[in-house]
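Just so you know, these numbers come straight off a predicted model, no measurement behind them.
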2 protein chains.
Amino acid sequence: MATIGDVAREAGVSRSTVSAVLNGRKLVLPETRGRVEAAIAKLSFSVNAGARALATARTMTLGVVVRFHEAEFSPALATYLVALSDAARESGYSVMLLTEADGEAAVRSAIAGRRVDGLVLLNVVEDDPRMEPIAASGFPAVLIGMPQDTRGIDAVDLDFAAGARLLVDHLAEVGHRRATFVRWPDDLYAAGSTYAIRFAAAAREQASGRGMTLEEVPCAVGPEQVRSALGEELLRREAPGALLVHNDAAVAMLPFALHDVGLRVPADRSVVSLHSAELARLYALPFTSVESEPEAVVHTAVELLVRRIDAPDEVPVARLVAPHLERRDSVAPPA
Amino acid sequence: MATIGDVAREAGVSRSTVSAVLNGRKLVLPETRGRVEAAIAKLSFSVNAGARALATARTMTLGVVVRFHEAEFSPALATYLVALSDAARESGYSVMLLTEADGEAAVRSAIAGRRVDGLVLLNVVEDDPRMEPIAASGFPAVLIGMPQDTRGIDAVDLDFAAGARLLVDHLAEVGHRRATFVRWPDDLYAAGSTYAIRFAAAAREQASGRGMTLEEVPCAVGPEQVRSALGEELLRREAPGALLVHNDAAVAMLPFALHDVGLRVPADRSVVSLHSAELARLYALPFTSVESEPEAVVHTAVELLVRRIDAPDEVPVARLVAPHLERRDSVAPPA
DNA sequence: CTGAAAGCGCTTACAG
DNA sequence: CTGAAAGCGCTTACAG
């Protein structure tokens with residue numbers, strides 16, 4: 001591989017001048033710049049990222065710390081990773097995958113090894129142990145997820161509370177006074193899944209504010225459990241005429257469960273849901289819904305992180321991405 | 001951050017000695033080594049990966065080049081990425097995500113920038129353009145996928161042909177003489193998906209060798225299309241008593257399609273399938289099947305790539321991972 | 001067994 | 001506007 005020295009020799013200038021051209025500094029005569037560029041092309045030179053990193057103390061790479069939670073390990077992860085890599089590239093950064101089972105250790109060693117300029121923590125939960133080494137060191141980072149205490153770390157997430165309000169309002173506006181709230185199983189809330197907690201709290205509050213009753217059905221994620229739980233609820237006497245769903249497994253099965261018991265949407269039941277964009281893509285779900293916005297969330301995360309790398313001492317920010325309602329005619333006034 | 005110089009000073013030795021300890025070289029007196037280790041711990045020193053990379057001309061990172069194919073962008077991708085990162089870490093490597101839409105450009109710039117020691121190409125198709133810059137430069141790489149012409153590049157994949165034979169044999173052994181082969185849509189084969197091509201060819205050959213007739217039903221991936229295609233086939237007069245499925249979308253829907261038309265497995269239909277491990281995890285599919293083996297495939301890929309980095313001139317190897325049959329009592333003799 | 005020196009490929013003041 | 005020099009934090013022959 002050609003080095004900057006080879007280019008300098010070829011162009012008949014010094015290495016500093018080549019460097020100036022490389023970094024787009026002004027104050028290089030057009031004629032000189034032209035010679036350097038020709039030499040670069042001729043030798044198909046490309047700067048050695050590692051050497052530049054050593055000289056500038058900037059690696060221009062971001063680490064993404066994936067968190068494992070067997071039950072949640074979802075199809076959405078790839079979407080986030082790819083979107084993150086794309087967003088990073090737009091800002092001139094590469095992305096390194098950090099997947100140690102022990103996320104806290106992954107964070108510590110990433111900081112210590114200085115291979116990255118900043119960290120993105122995916123799928124952050126309440127009291128996430130990965131926050132500790134970051135809070136302690138002040139290393140640039142951004143959380144995806146919105147725990148109550150962000151420990152002074154920048155954080156971004158979809159505004160799940162606003163999503164819940166949009167959906168509840170949509171049901172209330174056509175006259176529903178009761179809805180079945182098909183939600184995640186209790187242990188997910190207990191495990192501190194911030195999005196689940198925020199959605200549920202806002203749904204309850206908004207429903208109560210609008211004089212609406214929510215009947216909650218927690219739903220485990222196994223296909224059989226989901227199917228029987230849904231079937232039972234749908235066949236129940238006095239079941240509400242509307243379903244508010246926040247559970248990816250349940251919403252994926254819902255069309256089949258409805259079909260099983262011969263109920264039509266929206267004639268027999270109104271359905272609204274908040275689910276991941278990836279799920280919508282895979283299943284073409286026919287429900288009016290709020291979808292996660294992985295691109296927007298991740299784009300904001302990269303923006304905050306890059307800013308944080310440049311200005312480590314500014315005050316931490318928390319940003320919620322506004323959700324929007326995708327209408328799909330699955331809601332009608334109650335019978 | 002502490003540098004190797006700080007450690008040397010603290011321990012009262014030279015930087016070379018610290019380096020020798022760091023790299024586990026023998027010929028350091030235990031006493032000296034102890035002093036150095038104490039200093040490292042005291043200063044919580046950690047070697048700067050970039051500086052080491054510059055000095056050794058080894059980045060100790062692998063690039064993974066994700067390929068986009070809208071229709072295929074599958075839940076399995078995350079599994080491969082995480083497994084890859086884990087396998088790489090075991091060998092002392094990190095993983096960098098390369099996601100440019102233009103995979104060929106991604107490969108070129110990864111090679112030019114020297115940020116990685118080797119490349120893993122995910123989901124390689126026939127005549128994959130990403131192979132070109134690798135073949136031209138001899139840069140260490142490994143294909144996941146097995147095109148007919150690997151261009152001299154190491155390659156690994158599940159042995160889809162062997163998987164097809166296992167499944168066909170399993171049906172033939174209990175006496176099936178006819179089976180519906182629910183497969184991918186034609187355009188996937190046309191696009192050069194090597195796994196689909198190899199599976200189909202082997203299935204046909206094995207069936208014909210065992211005197212079995214395969215009636216092929218290509219199945220598009222949209223949920224509605226899948227459902228109606230399956231429903232139609234299941235209700236067809238004279239439909240075979242067995243289904244051989246190689247289509248993730250179809251197999252995910254199959255339990256519902258069977259339920260729709262009131263057919264039981266294996267009493268009314270025998271079913272065998274080859275599908276991704278991720279799908280099996282998400283849906284707990286009740287069929288005897290061969291599943292993709294992402295961990296084994298990726299582990300082998302890393303092994304080959306690391307070896308290739310160390311020995312660039314050895315002859316290229318192609319490795320097929322043996323599949324195994326997971327029995328789930330979905331096969332019975334024909335009625 | 002340990003240390004001094006050179007070098008990896010860049011960037012960045014600082015002269016001129 | 002351009003070049004010479006020092007330095008980023010390591011490793012690796014080479015002396016001793």
**Nearest-Å distance for atom pair CZ/P, residues A/Arg35 and D/dT2** = 8 Å
**Prompt:** For residues 111-128 of chain B, which residue pairs qualify under salt bridge (Lys or Arg N to Asp or Glu O under 4.0 Å), counting only residues two or more places apart or in two chains?
**Reply:** B/Asp128-B/Arg130
**Asked** Given D/dC8, is OP1 or OP2 found less than 4.0 Å from the side-chain N or O atoms of B/Asn48?
**Response** no
**Prompt:** Rounded to the nearest Å, what distance is computed from the CD1 atom of residue A/Ile4 to the P atom of nucleotide D/dA4?
**Reply:** 14 Å
**Prompt:** For A/Leu22 and C/dG9, what is the distance between atoms CG and P respectively, to the nearest whole Å?
**Reply:** 15 Å
**Prompt:** Between atom CZ in A/Arg15 and atom C1' in D/dG7, what is the gap in whole Å?
**Reply:** 11 Å
**Prompt:** Any side-chain N or O of B/Thr32 under 4.0 Å from OP1/OP2 of C/dT2?
**Reply:** yes
Are any protein N/O atoms closer than 3.5 Å to N/O atoms in nucleotides 13-16 of chain D? If there are, list each pair with its distance.
none

**Prompt:** Within a strict 4.5 Å, meaning less than it, do heavy atoms of the B/Leu119 and B/Val65 side chains meet?
**Reply:** yes
Distance-only check: which donor-acceptor pairs under 3.5 Å involve side-chain atoms of residues 37-55 of chain B, not counting sequence neighbours?
from: B/Lys42; atom 1: NZ; to: B/Glu10; atom 2: OE2; distance (Å): 3.0
from: B/Asn48; atom 1: OD1; to: B/Gly50; atom 2: N; distance (Å): 2.9
from: B/Asn48; atom 1: OD1; to: B/Ala51; atom 2: N; distance (Å): 2.9

**Message:** For B/Arg319, is there an ion pair with B/Glu303 - N to carboxylate O distance below 4.0 angstrom?
**Reply:** yes
**Fill in**
note: A/Arg114, atom CZ; D/dG9, atom P; distance rounded to Å ~ 11 Å
**Atom-to-atom span, CZ of A/Arg115 to C1' of D/dG9 - whole angstrom** = 14 Å
**Complete:** A/Asp86 meets the salt bridge (Lys or Arg N to Asp or Glu O under 4.0 Å) criterion, sequence neighbours left out, with A/Arg89
Please table the atom pairs, donor to acceptor, closer than 3.5 Å between any side-chain atom in residues 142-150 of chain A and protein atoms at least two apart or in another chain.
from: A/Asp149; atom 1: OD1; to: A/Arg151; atom 2: N; distance (Å): 2.8

**Any A/Ser19 side-chain N or O less than 4.0 Å from OP1/OP2 of C/dT11** = yes
**Fill in**
Residues of residues 49-60 of chain A with a heavy atom under 4.0 Å from any atom of DNA chain D, listed by number, are A/Leu54, A/Ala55
**Asked** Taking only residues two or more places apart in sequence or in another chain, which ones pass salt bridge (Lys or Arg N to Asp or Glu O under 4.0 Å) with B/Glu31?
**Response** B/Arg35
**Request:** Give DNA chain C the dot-bracket treatment, 5' to 3': Watson-Crick (N1-N3 with N6-O4 or O6-N4) or G-U (N1-O2, O6-N3) under 3.5 Å, [ ] crossing, | other strand.
**Result:** |||.||||||||.|||
**Message:** Run the side chain to side chain donor-acceptor pair (under 3.5 Å) test against B/Thr32 and tell me which residues pass, sequence neighbours left out.
**Reply:** none
**Fill in**
d(B/Leu122 CG, B/Leu77 CG) to nearest 0.5 Å is 6.5 Å
**Fill in**
Per nearest nucleotide of DNA chain C, the residue lying toward the 5' end, B/Leu29 or A/Val18, is B/Leu29
**Prompt:** Whole-Å distance between C/dC1 P and B/Arg33 CZ?
**Reply:** 10 Å
**Fill in**
A/Ile40 CD1 to C/dG9 C1', in whole Å, measures 14 Å
**Item:** side chain to side chain donor-acceptor pair (under 3.5 Å) involving B/Asp102 - partner list, sequence neighbours excluded
**Value:** none
**Under-4.0 Å side-chain N/O to phosphate OP1/OP2 contact, B/Ser14 with C/dG3** = yes
**Complete:** Applying side chain to side chain donor-acceptor pair (under 3.5 Å) to A/Glu100 and not counting sequence neighbours gives none
**Prompt:** Partners of B/Asp159 by salt bridge (Lys or Arg N to Asp or Glu O under 4.0 Å), sequence neighbours excluded?
**Reply:** none
